[in-house]
Student: 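Before we start, here is the structure in question, set down as structure tokens.
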2 protein chains.
Amino acid sequence: MKKEITIYDIAENVGLSPTTVSRALSNHPRVQETTRKKIVDAAKSLGYQSNIFASSLRKRKSKSIGVIVPRLNSPFQSSVLAGMEKIATQSGYNLVISQSMESLEKEISNTEIMYNSRVDGLLVSKAGTTDDIDHFLPFFKKEIPVLFFDRTPEKNNCTGVVINNTQAIYDATEHLIKQGCKRIVHALGNLQINVYADRLKGYKYALMDHGFVFDAENVISIELDEEAGERITKKILKMHPRPNGLLVSNDTSAASCLMALKKRGIRVPQDVAIVGFNNDLISRMVEPHLSTVNYPSYHMGEVAMKNLINHLDDEHEEILQKTNTITLRSELIIRDSSKRYGDSG
Amino acid sequence: MKKEITIYDIAENVGLSPTTVSRALSNHPRVQETTRKKIVDAAKSLGYQSNIFASSLRKRKSKSIGVIVPRLNSPFQSSVLAGMEKIATQSGYNLVISQSMESLEKEISNTEIMYNSRVDGLLVSKAGTTDDIDHFLPFFKKEIPVLFFDRTPEKNNCTGVVINNTQAIYDATEHLIKQGCKRIVHALGNLQINVYADRLKGYKYALMDHGFVFDAENVISIELDEEAGERITKKILKMHPRPNGLLVSNDTSAASCLMALKKRGIRVPQDVAIVGFNNDLISRMVEPHLSTVNYPSYHMGEVAMKNLINHLDDEHEEILQKTNTITLRSELIIRDSSKRYGDSG
DNA sequence: ATGAAAGCGCTAACAG
DNA sequence: CTGTTAGCGCTTTCAT
């Protein structure tokens, strides 16, 4: 391996000390402009590449941020990541990304890897299985900031960026009630995940507030994938009376429900009104278009990253450190899949 | 800041030298089992965390791999990334991800960042604008492997993982011809991107082989986003005779075409047969279901990463170094959007 | 099987 | 504004 060009080589070349070279290269104010110029030129002509390992070792900072998501391959998550990447790159941070595949075991292992990689901060959307956060303890102890987004642990001492899931589903449920739905089924994911637990609450509250009786049979907890529609539809068709309102907690599954229902000759929204969640592309491509909850995913990525970085860069102010929860605005988008009485909301 | 626990502390604690501790912790064979155990236990009880900066500085390896994609937020790319992440994590590599936003300028800047971050290898799907690869020169010079996937530069000295785009569209075009389409329009992205240039070739060859005359008017080069369908449809409707076959180079746009056509009362596939590209979820959710080309995106991620890592880990064998191109299998999936004569392919 | 010593390349006190 | 010095924590000869 060829020898690396170091600041010592540059120093020798320009007849200055390594310190000055180091300062010049990192735009330290106390270096004369002419000196800096000379150094920068020499660096370029010698083909110098700063050694980030040495720099990190000395500064105890990696300038990188870890992100752990349940799955990389999801319209929602990839949109969040896009927002995060934009801000991180702008601010000079690298993004180290891994996925937990919805498994706590993998999340723990990923967390350890991130810790050992010495990321300056960690952004996490929790895997479903449990509410365990012991594996973040090393981060807490070392005061490396951990910020949760979307799927946050229940323990309320963790900073998180979320939407108001309860309110979102409250609104959706109320909308279906106003559309004349008498039996409303709510299909959602693993109830150990706060996101779904909160949505269930919103559903219950809305029913209550409108004089409906909550019936556990109307709650279907299921993996919300592409095939979910078939499974949900089969369950619905066995119910008496047959449900005429359906809340499905993501658009992929909502779209797949729509298809499964239509395949059986059941009309949407006349026989069953459907509301999805996320406002993914697909909600605008199926017919009828899906009513859904607009989830500001890209924005969530931006906000989460911006807060983390502010926290890292503001060495003095620790204002954000004690911010508990940042709630982003989400809103119900009403489209044809749930409009049973003309255009009314 | 509290003092870090180092191998010196462990050494002192167990009465051995730092060298032995280092060896024990990295599973060097020449350490007695009992000694290793003692060291590992001490490390644990002292709360030791290996300092990866020091280790990287010494070993000149970061154990991380950079990935640059045009956009994080795309069903195709996120699926590729998921495949990459799986393999990288398995092999003990971190994934540093950034997006070029389809801009050469950002790609160049991202490449520099990756270089300065000292990634052990780089995986790139090129931004569209040009075929420029000068910004990878520093990698080539230092013999840091760069592997392209999907969108590869034309210069044929770059290793790449691809599908046979020409063949894929050849098959799709032939299929439409066999379905009785007399005028076939091909909508694709920026023709400076090899992927689209190759597809155009496949389209031309298929026309030629079936006695059709190629007409440049039938090629629409356009940004393939959610709104593309409207733009494509407007163009088609101005053509005489009206096209009755349509190849759209991604499923999002193909689906949006489908909708735009249906909105205008044009029947698919009877009036216009459509074939998309990628086999995204959406192709199975619109009606009629989209015929499309199955693009093994997840697999492409796995293969690209596996090859890169093999290259990195096999210090002796440099077999893969001279592999030029790995072509993955893709295949036409025929669904209702292009079936004009019953079930025939 | 274990240890001593040197150095990877940088930055931050401190001094001038 | 510039320089001297020391050390971040690890791995790796080379020696025993």
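Every chain is numbered from 1 and lettered A, B, ... according to where its sequence line falls, protein lines coming before strand lines.
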Student: Pairs in or reaching into residues 18-67 of chain B: which pass ring-ring contact (aromatic ring centres under 6.0 Å, His included), with residues at least two apart or in two chains?
Tutor: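 Those involving residues 18-67 of chain B do not exist here.
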Student: I need the CD-P distance between B:Gln49 and D:dC8, as an integer number of Å.
Tutor: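 Rounded to the whole Å, the gap is 16 Å.
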Student: Calculate the interatomic distance between A:Leu25 atom CG and D:dT2 atom P; express it in whole Å.
Tutor: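 My rounded result for the distance is 14 Å.
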Student: Does A:Arg58 have any salt bridge (charged side-chain N to carboxylate O under 4.0 Å, His left out) partners at least two apart in sequence or in another chain, and if so, which?
Tutor: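 Per chain and number, A:Arg58 pairs via salt bridge (charged side-chain N to carboxylate O under 4.0 Å, His left out) with no residue.
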Student: Tell me the salt bridge (Lys or Arg N to Asp or Glu O under 4.0 Å) pairs involving residues 26-38 of chain A, sequence neighbours left out?
Tutor: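 Qualifying pairs: A:Glu33-A:Arg36.
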Student: With a 4.0 Å cut-off on heavy atoms, is B:Ile52 in touch with a base, just the backbone sugar-phosphate, or nothing at all?
Tutor: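 No contact.
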Student: Only counting residues at least two apart or in another chain, list the ones meeting ring pair (Phe, Tyr, Trp, His ring centres under 6.0 Å) with B:Phe149.
Tutor: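 Here no residue qualifies.
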Student: Would you kindly compare B:Gln32 and A:Leu57 by the position of their nearest DNA chain C nucleotide and give the one closer to the 5′ end?
Tutor: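 The residue mapped nearer the 5' terminus is B:Gln32.
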Student: For residues 7-19 of chain B, tabulate all N or O donor-acceptor pairs below 3.5 Å that involve a side-chain atom, not counting sequence neighbours.
Tutor:
| residue | atom | partner | partner atom | Å |
| --- | --- | --- | --- | --- |
| B:Asp9 | OD2 | B:Thr6 | N | 2.8 |
| B:Ser17 | OG | B:Thr19 | N | 3.4 |
| B:Ser17 | OG | B:Thr20 | N | 3.2 |
| B:Ser17 | OG | B:Thr20 | OG1 | 3.2 |

Student: Specify the separation, in whole Å, of atom CD1 of B:Ile10 and atom C1' of D:dC10.
Tutor: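 Atom-to-atom, B:Ile10 to D:dC10, this comes out as 12 Å.
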Student: What are the 5'-most and 3'-most nucleotides of DNA chain C lying under 4.0 Å from any heavy atom of chain A?
Tutor: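 Taking any atom under 4.0 Å from a heavy atom of chain A, the span is C:dG9 to C:dC14.
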Student: Could you run through nucleotides 11-16 of chain D and give me one letter per nucleotide, 5' to 3': B if any protein heavy atom sits under 4.0 Å from the base, S if only the sugar-phosphate is that close, - if neither?
Tutor: BBBB--
Student: Suppose the criterion is ring-ring contact (aromatic ring centres under 6.0 Å, His included): which pairs have a residue in residues 60-91 of chain A, not counting sequence neighbours?
Tutor: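 Non-adjacent pairs meeting ring-ring contact (aromatic ring centres under 6.0 Å, His included): A:Phe76-A:Tyr295.
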Student: Listed by chain and number, what are the ring pair (Phe, Tyr, Trp, His ring centres under 6.0 Å) partners of A:Phe136, not counting sequence neighbours?
Tutor: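 For A:Phe136, the residues satisfying ring pair (Phe, Tyr, Trp, His ring centres under 6.0 Å) (neighbours in sequence not counted) are A:Phe148.
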Student: Which whole-number value in Å describes the distance from A:Glu33 CD to D:dT2 C1'?
Tutor: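 Taking CD of A:Glu33 and C1' of D:dT2, I get 15 Å after rounding.
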Student: Decide whether A:Gln49 and B:Lys142 meet the rule of one side-chain donor and one side-chain acceptor closer than 3.5 Å.
Tutor: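 Per modelled atom types, A:Gln49 and B:Lys142 side chains form a pair under 3.5 Å.
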